[in-house]
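Below is one structure, written out as structure tokens; the observations come after it.
Every number for a ligand or one of its atoms is a count from 1 in the order of the listing. Quick caveat: nothing in here was measured; it's all calculated off a predicted structure.
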Amino acid sequence: MNLHEYQSKTIFAQFGIPTPKGKIATSPDEAYRIAREMGSPVVVKAQVLTGGRGKAGGVKLARTPDEAHDHAERILGMTIRGLTVHKVLIDPGVEIASELYLAVTNDRNARKPLIMASASGGMDIEQVNRETPEKIVREHINPYLGLRDYQIRNLASGIRLPREHWKAFTEIAYNLYRCFTENDATLAEINPLAILKSNEIIALDGKMSIDDSALFRHPQLAEMRDLQAEPSEETRARGAGLSYVKLDGDIGCMVNGAGLAMTTMDITKDIAARLGYEGSGPANFLDIGGGARAEKVATAMRIILSDPKVKAILLNIFGGITRGDEVALGILQAWNEVNPHVPMVVRLVGTNAEEGRAILEDAAIPNIQSATTLLEAAEKAVRAARGVQG
Ligand code: GDP
Ligand code: MN
């Protein structure tokens, strides 16, 4: 789960990281009132769950409350990378001398947390990493020992931080690591960590992602989930007990079991590449879980079909406690309701697979083809998505 900037900065503040004392507005009038109370200038910042807001015009400096009103009017309702802005953060404006980058995340390959710092803050860090990776200083953290003093010194000297800021930087780095671990975060990022003309160091922007599987032990974080701001399919999927992640491809995948779902995605992507279908591949990750009944299968199907990018559906079910006949009934239920125009390839094996296939054959839906192996199914789905009959 991703948190908004204002939520992340509230948490940072609880962990002793200096942040601007901002307030949220949902209307231009509210922005005006907050700006007047706060004293000008202020910064009006779009709260959407994506980066690059600055470049998209979602971060604006306002010299007067009237300007704050006008910026809020323009930013509220704006679309940034496909997400609509419903809230703006009004932060007191500050005078920046320089911008740093500081973040903690998990390095899956090293199987350790990683703390990273850069003097090239305020920019798109992925771009810095591509073009000048040497400008990012990295230290892996041994989770049993925690973040050590010498590692922070390595970061500070690696980014050529002036000595006078080392004490403040050290405290922020410690607190950010504590904030990361104690909240079961997968990312805690400050970009920029600004050095102000007044010489203070302050987290001007914040981004946190929390491990969904750990939310049960952080009820106060779970409550921060902004349903309005995340893709609606993901909200619906979670409500139905489905694991669903939206991706960019054209083939909707419906699978039971996370491992099988990932295999299905990999093979689909691979076959699309081998057939030379640039950009073709999985439109989603979807695990319907074990023992899904017809209603759950139908919900999953509706969610997949609500994505206009989906040009074909690949259904790969390995029946164990999930029964092929239940899956087939779910497919028919959803198919009759949604009446989709996209083709579907079905691979059913395992428990009650024959019964399932018989149900689908009896229904004789022209858009549905079946396959025996996963390779065959994926190839048929990729071709079907391109309008080529397999
Ligand atoms: P992002 O583009 O989504 O990462 O949004 P940020 O919160 O990082 O803001 C983008 C840029 O706006 C920052 O890198 C700063 O240069 C600038 N900015 C943000 N807050 C202030 C502020 O209080 N004063 C000034 N002068 N600039 C700010
Ligand atoms: Mn930023």
Side-chain angles (χ1 to χ4, degrees), residues 2-13 17-25 31 34-65 67-68 70-72 74-105 116-130 132 135-136 159 172 176 179 185 187-209 226 229-230:
N2 294 325
L3 296 180
H4 279 297
E5 173 193 6
Y6 76 93
Q7 297 169 324
S8 305
K9 291 203 293 198
T10 304
I11 299 171
F12 288 171
I17 298 169
T19 54
K21 303 279 167 284
K23 282 198 172 136
I24 285 292
I34 294 171
R36 212 182 46 190
E37 274 166 34
M38 207 169 263
S40 313
V42 296
V43 184
V44 183
K45 309 182 77 175
Q47 298 299 289
V48 272
L49 298 174
T50 177
R53 297 163 306 161
K55 269 188 207 151
V59 178
K60 292 275 183 223
L61 187 74
R63 275 170 219 87
T64 62
E67 264 186 43
D70 294 352
H71 286 320
R74 226 164 296 133
I75 293 172
L76 288 165
M78 177 189 247
T79 311
I80 300 179
R81 291 188 185 165
L83 296 169
T84 307
V85 182
H86 298 289
K87 291 177 200 157
V88 288
L89 171 65
I90 313 291
D91 261 355
V94 291
E95 288 198 283
I96 303 172
S98 62
E99 303 187 27
L100 312 173
Y101 175 90
L102 184 66
V104 184
T105 186
M116 295 177 281
S118 176
S120 304
M123 300 182 226
D124 178 359
I125 199 70
E126 278 83 17
Q127 191 183 339
V128 177
N129 188 39
R130 267 195 312 275
T132 49
K135 288 195 176 157
I136 304 175
I159 64 169
I172 292 171
L176 190 64
C179 177
L187 176 73
E189 181 188 73
I190 308 176
N191 188 25
L193 176 64
I195 302 182
L196 304 185
K197 292 197 173 144
S198 62
N199 255 350
E200 283 164 277
I201 307 193
I202 175 166
L204 275 199
D205 188 10
K207 183 175 175 193
M208 285 188 77
S209 305
D226 184 351
E230 66 178 13

Report summary line: Separation between CG (L102) and CG (L176), nearest 0.5 Å, reads 5.0 Å
Requested in this report: Sum up the protein N, O or S atoms located under 2.8 Å from the Mn ion (ligand 2).
Outcome: 2
Query raised in the report: Under a 4.0 Å heavy-atom cut-off, which residues neighbour ligand 1?
Result: V43, K45, G52, R53, G54, V59, P92, G93, V94, I96, E99, G122, N191, P192, L204, D205
**Report entry** From CA spacing to verdict: side chain to side chain contact (heavy atoms under 4.5 Å, CB included), D205, I190
**Finding:** CA-CA 6 Å; D205 188 10; I190 308 176; over 6 Å; no
Query raised in the report: Taking the side chain from T64 and the backbone from E67, do they hold a donor-acceptor pair closer than 3.5 Å?
Result: yes
Requested in this report: Measure the spacing between CD of Q47 and CG of L76 and express it to the nearest 0.5 Å.
Outcome: 10.5 Å
Query - Nearest-0.5 Å distance that lies between atom CG in D226 and atom CG in L49 - result: 6.5 Å
Query raised in the report: Quick one: OG on S120 to CD1 on I125, what's the gap to the nearest 0.5 Å?
Result: 7.0 Å
Query - pair M123-Y101: side-chain heavy atoms closer than 4.5 Å - result: no
**Report entry** K45 side chain reached by Y6 side chain, heavy atoms, under 4.5 Å
**Finding:** no
Query raised in the report: Under the criterion salt bridge (Lys or Arg N to Asp or Glu O under 4.0 Å), which of K23, K21, K9 is the partner of D91?
Result: K9
